[in-house]
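Let me begin by presenting the structure, written as structure tokens, before commenting on it.
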Amino acid sequence: MILLLPEGYEGEAMKLGYIGLGKMGSNMVERLLEKGHDVIAFDRNVDASQEVKKKGGRAADTLRSLIAALAPSRLIWIMVPYQAVDSVLQEVAPLLAAGDVVIDGGNSPYKESV
């Protein structure tokens, strides 16, 4: 995977919000934390969010609190099953501002994301 980051992120530790802590999401958050990035994570499964705290990250109890914990320009990474991507985006989009970046890691079928 190639990740092109917005201006201002290169060479610095990132501060990002991460939504979805299933098998792929929790492993990715663990790697980000190991590299020194500041991760605020949310998952509907409270236990998964608490695991992030044990590894040095922060846990948000709602999507709204996750967005509020990040200063613009925000970087939000969504790693939920592709069937849930649209509902997460519908909830998150009204909370975002111009310049915020959302990464869809939900493995959506390419024809649906075009």
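No hydrogens, no waters, no symmetry mates; every other heavy atom, side chains included, goes into these values.
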Query raised in the report: If you look at every heavy atom in Val52 and Leu33, which pair is closest and at what distance?
Result: O-CD1, 4.2 Å

Requested in this report: I would like to know whether Ile103 and Met79 meet side-chain contact (heavy atoms from CB on, under 4.5 Å); could you show each step before the answer?
Outcome: CA-CA 8 Å; Ile103 300 168; Met79 188 66 81; over 6 Å; no

Requested in this report: Can you see which heavy atom on Ser49 is nearest to which on Ala60, and at what distance?
Outcome: OG-O, 4.3 Å

Report task. Indicate yes or no for a side-chain donor-acceptor contact from Asp100 to the backbone of Ala97 under 3.5 Å, with no hydrogens or angles considered. Result -> yes

Query raised in the report: Out of curiosity, does Val46 fall in the hydrophobic cluster containing Leu63 (side-chain heavy atoms, cut-off under 4.5 Å, transitive links)?
Result: no

Query raised in the report: Which is it for Leu75 and Met14 under the side-chain contact (heavy atoms from CB on, under 4.5 Å) test, yes or no, and what are the steps along the way?
Result: CA-CA 8 Å; Leu75 178 59; Met14 293 183 291; 3.8 Å; yes

Requested in this report: Identify whether the distance between the nearest side-chain nitrogen and carboxylate oxygen of Lys54 and Glu51 falls below 4.0 Å.
Outcome: yes

**Report entry** Minimal non-hydrogen separation, Leu70 against Arg74, with atom names
**Finding:** O-NE, 3.2 Å

Query raised in the report: Just how far is it from atom CD1 of Ile76 to atom CG of Leu16, taken to the nearest 0.5 Å?
Result: 7.5 Å

Requested in this report: Locate the shortest heavy-atom distance separating Gln50 from Ala59; write the atom from each residue and the value.
Outcome: NE2-CB, 4.4 Å

Report task. Inspect the surroundings of NZ in Lys53 and state if more than 12 heavy atoms from other residues, nucleotides or ligands are less than 6.0 Å away. Result -> no

Report task. Rounded to the nearest 0.5 Å, what's the gap from NZ on Lys55 to CD on Glu34? Could you check? Result -> 8.5 Å

**Report entry** Non-hydrogen atoms of Asp43 and Asn45 that approach each other most closely
**Finding:** OD1-N, 2.8 Å

Query raised in the report: CG/Asp104 to CG/Asp86 distance, rounded to the nearest 0.5 angstrom?
Result: 8.5 Å

Requested in this report: For residues Tyr18 and Leu66, report the shortest heavy-atom separation together with the two atoms involved.
Outcome: O-CD1, 3.7 Å

